[in-house]
Asker: 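Pasting a structure below so you can have a look.
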2 protein chains.
Amino acid sequence: MAAGTFHKLRDEIENDILTGFFAPGERLDEVQLAGRFGVSRTPIREALIQLGAIGLVELRPRRGAIVVDPGANRIYEMFEVMGELEGMAGALAARRHTEQDRDKLLSAHARCERSATSGDTDAYYYDNELFHHSIYEASHSGFLLSQCTALHRRLRPYRRLQLRVRNRMKVSFSEHAGIVEAILAGEAETARALLRSHIAVQGDRFGDLIASLAVGDRKVS
Amino acid sequence: MAAGTFHKLRDEIENDILTGFFAPGERLDEVQLAGRFGVSRTPIREALIQLGAIGLVELRPRRGAIVVDPGANRIYEMFEVMGELEGMAGALAARRHTEQDRDKLLSAHARCERSATSGDTDAYYYDNELFHHSIYEASHSGFLLSQCTALHRRLRPYRRLQLRVRNRMKVSFSEHAGIVEAILAGEAETARALLRSHIAVQGDRFGDLIASLAVGDRKVS
DNA sequence: TTCAGTTCGATTGTATACATGACTGTTGAC
DNA sequence: GTCAACAGTCATGTATACAATCGAACTGAA
């Protein structure tokens, strides 16, 4: 097989987990996966071990790997931490952003506006990622960037479900405007607070999350 | 070999990296490691892949694994994020701690006092970990606990070097007192601010960090 | 009928063998 | 004398073989 096999395998399996092709709690059979990808068990194992280290699957010794089911509570906690990290990125970005960061942020913001007004949730979903990523980059902290990107990726499926909620997309975009303003004005603490509440799962959004998880559960059984 | 081999191997190699037995930049030869631990290359590879996912080693395709050298800047960034996460844990702990959390926190604080006054940096180093861990637990966020624990572990070697700086131990302990007070009083934002500055590498401590890294570098060459 | 004990099957964990790509050292040409 | 190309060696990546353990099913007795 081509070079970099098990890196690609890792991405493939990770993607299948994040998109829900493999449901939470499902067992990942090494032989079956090996057959599916046309490789031997070795690279499959190495991919699964990586996913285990990331926290996407649970590796039970001698008992195989299963897709982790974080549960509503853990997901809530992850959003909580994500809010804090994003807030930090925003605060740093407000203080450290360059002219180039400013252009990228505004450009991403403009793209979000287009997809939000056109009502295209899929497009908005992608542009929203760009927007947040541009904030991470503007923080000029490589480590924070990596942490935010990883957690953002981990929360991707739930974020996607949440966007489906009525009006969430428009509300999200209007929140972006304030965030951009605060960052470009250099108001670090304002940016932090706005981003924290932008990410946090509070009030009605908590109920939305629970509801969307229940939909996911139904698919499993 | 006994069960759970590659978990133990991972911990062994991780420990060797964190203690500096393997220097940053050093290449980790699979065959050599296999010989050293008396196993085949397979479990060694699986251990290295895990370490790669954590970020302790860099896996360059077809070119082997090397111990990551974060560099002063990256280490500074990691402390920055650590400060934010610890601050968050402290804030949550102030709001959510139970009677049991209170006892654990006070007990860890008392142990720190003993080792600080006795001047035993090694003991303090250990008790300090207990202290911080008790805060993570009191936050009652399983995910935050895992993130804090992982990053704390990652920063262990640098933290250890920093304790050697004159008076750092006593200053550290006196800061603990204020943190405990704020958490037990339920003053979330005070706890956050105190923890953030307790962790942060600012002012003189930045110079101390650079100096301690230079000592580490000398050992390499 | 139910529960405990045992045996068999299936799957994971490890070792070994093989293929492919990267590094080193030498040789040849300019 | 220096640089480039080539070949040989060695390490990594993958496949396969084997061993060890877990779980399930079956049998027997209470």
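So that the names make sense, note that chain A is the first sequence line, chain B the second, and so on, each numbered from 1. Nothing here was measured: the structure is a model prediction, and the numbers come from that model.
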Asker: Return the set of residues passing side-chain contact (heavy atoms from CB on, under 4.5 Å) with B:Ser197 (not counting sequence neighbours), or none when no residue passes.
Answerer: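 Testing B:Ser197 for side-chain contact (heavy atoms from CB on, under 4.5 Å), a comparison that skips the adjacent residues, returns B:Gln202.
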Asker: Sorted by first residue and then second, give each salt bridge (charged side-chain N to carboxylate O under 4.0 Å, His left out) pair with at least one member in residues 137-149 of chain A; sequence neighbours left out.
Answerer: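 Counting only pairs at least two positions apart or across chains, the salt bridge (charged side-chain N to carboxylate O under 4.0 Å, His left out) contacts touching residues 137-149 of chain A are A:Lys104-A:Glu137.
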Asker: Quick one: A:Glu46 CD to C:dT12 P, roughly how many Å, whole number?
Answerer: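 Rounding to the nearest Å, CD of A:Glu46 and P of C:dT12 are 15 Å apart.
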Asker: With no hydrogens and no angle check, do the side chains of B:Asn128 and B:His176 hold a donor and an acceptor under 3.5 Å apart?
Answerer: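 Checked: B:Asn128/B:His176 side chains pair up, N/O donor to acceptor below 3.5 Å.
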Asker: Does A:Arg62 contact D:dT21 through a side-chain donor or acceptor facing the base, at a distance under 3.5 Å?
Answerer: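 By the distance-only test, no, there is no pair.
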Asker: Less than 4.0 angstrom between a side-chain N/O of B:Ser40 and OP1 or OP2 of C:dA15, yes or no?
Answerer: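 Result: yes.
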Asker: Does B:Tyr125 have B:Arg160 sitting over its ring (NZ/CZ under 6.0 Å from centre, angle to axis within 45°)?
Answerer: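 Yes, a cation-pi geometry.
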Asker: Going by atom types alone, do B:His133 and B:His152 pair a side-chain donor with an acceptor below 3.5 Å?
Answerer: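 There is no such pair between these side chains.
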Asker: To the nearest angstrom, how far is A:Ile49 atom CD1 from C:dG13 atom P?
Answerer: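 Checked: the CD1 to P distance equals 8 Å.
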Asker: Taking CG from A:Leu48 and P from C:dT11, how many angstroms apart are they, rounded to a whole number?
Answerer: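 That distance rounds to 15 Å.
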Asker: When you check the phosphate oxygens OP1 and OP2 of C:dA10, does a side-chain N or O of A:Arg27 lie under 4.0 Å from one of them?
Answerer: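 Looking at the OP1 and OP2 atoms of C:dA10, neither is under 4.0 Å from any side-chain N or O of A:Arg27.
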Asker: Starting at CG of A:Asp29 and ending at C1' of C:dA10, how long is that distance when rounded to a whole Å?
Answerer: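 About 10 Å, once rounded to whole Å.
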Asker: Could you state the atom-to-atom distance from CD of A:Gln32 to P of C:dT11 in whole Å?
Answerer: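 The distance from CD of A:Gln32 to P of C:dT11 comes to 9 Å, rounded to the nearest Å.
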Asker: What are the atom names and distances for every N/O pair under 3.5 Å that joins the protein to nucleotides 5-9 of chain C?
Answerer:
none

Asker: In terms of the nearest nucleotide of DNA chain C, which residue is placed more toward the 5' end: A:Arg41 or B:Arg41?
Answerer: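 Result: A:Arg41.
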Asker: Using distance alone, with no hydrogens and no angle criterion, decide if A:Ser115 and A:Asp120 have a side-chain donor and acceptor under 3.5 Å apart.
Answerer: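 No, no side-chain donor-acceptor pair sits under 3.5 Å.
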Asker: Could you please name the option among C:dT16, C:dT12, C:dA22 that lies closest to any side-chain atom of A:Glu30?
Answerer: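 In terms of side-chain proximity for A:Glu30, the closest of C:dT16, C:dT12, C:dA22 is C:dT12.
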Asker: So which nucleotide from D:dT14, D:dA11, D:dG13 ends up closest to the side chain of A:Pro43?
Answerer: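 Closest nucleotide to the A:Pro43 side chain: D:dT14.
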Asker: More than 12 heavy atoms of other residues, nucleotides or ligands under 6.0 Å from CZ of B:Arg102: yes or no?
Answerer: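 No.
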Asker: Listed by chain and number, what are the side-chain hydrogen bond (donor to acceptor under 3.5 Å, both in side chains) partners of B:Asp16, not counting sequence neighbours?
Answerer: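 With neighbours one apart ignored, the set is B:Arg36.
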Asker: If you fit an axis to the five pairs at each end of the helix from C:dT1-D:dA30 to C:dC30-D:dG1, how big is the angle between those two axes, to 10 degrees?
Answerer: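 The helix from C:dT1-D:dA30 to C:dC30-D:dG1 shows an end-to-end axis angle of 10°.
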Asker: Where the side chain of A:Arg45 is defined as all heavy atoms beyond and including C-beta, which of C:dG13, C:dA15, D:dT12 is the nearest nucleotide?
Answerer: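 Nearest nucleotide to the side chain: C:dG13.
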Asker: For A:Gln162 and A:Arg205, which I'm curious about, is there any donor-acceptor pair between the side chains at under 3.5 Å?
Answerer: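 Present: a donor and an acceptor within the cut-off.
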Asker: Can you measure A:Ile44 atom CD1 to D:dG13 atom C1' for me and round it to whole angstrom units?
Answerer: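 Nearest whole value for this atom pair: 14 Å.
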Asker: Going by the side chain to side chain donor-acceptor pair (under 3.5 Å) test, which pairs reach into residues 77-86 of chain B, not counting sequence neighbours?
Answerer: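 Sorted result for residues 77-86 of chain B: A:Arg96-B:Glu80, A:Arg192-B:Glu84, B:Asn73-B:Glu77, B:Arg74-B:Glu77, B:Glu84-B:Arg196, B:Glu86-B:His132, B:Glu86-B:Tyr136.
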Asker: Between C:dG21 atom P and B:Leu59 atom CG, what is the distance in whole Å?
Answerer: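 To the nearest whole Å, that distance equals 19 Å.
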Asker: If you assign each of B:Val31 and B:Thr42 to its closest nucleotide in DNA chain D, which residue comes earlier from the 5' end?
Answerer: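 The residue mapped nearer the 5' terminus is B:Val31.
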Asker: What's the CZ-P distance between B:Arg63 and C:dG21, to the nearest Å?
Answerer: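 Whole-Å distance recorded here is 15 Å.
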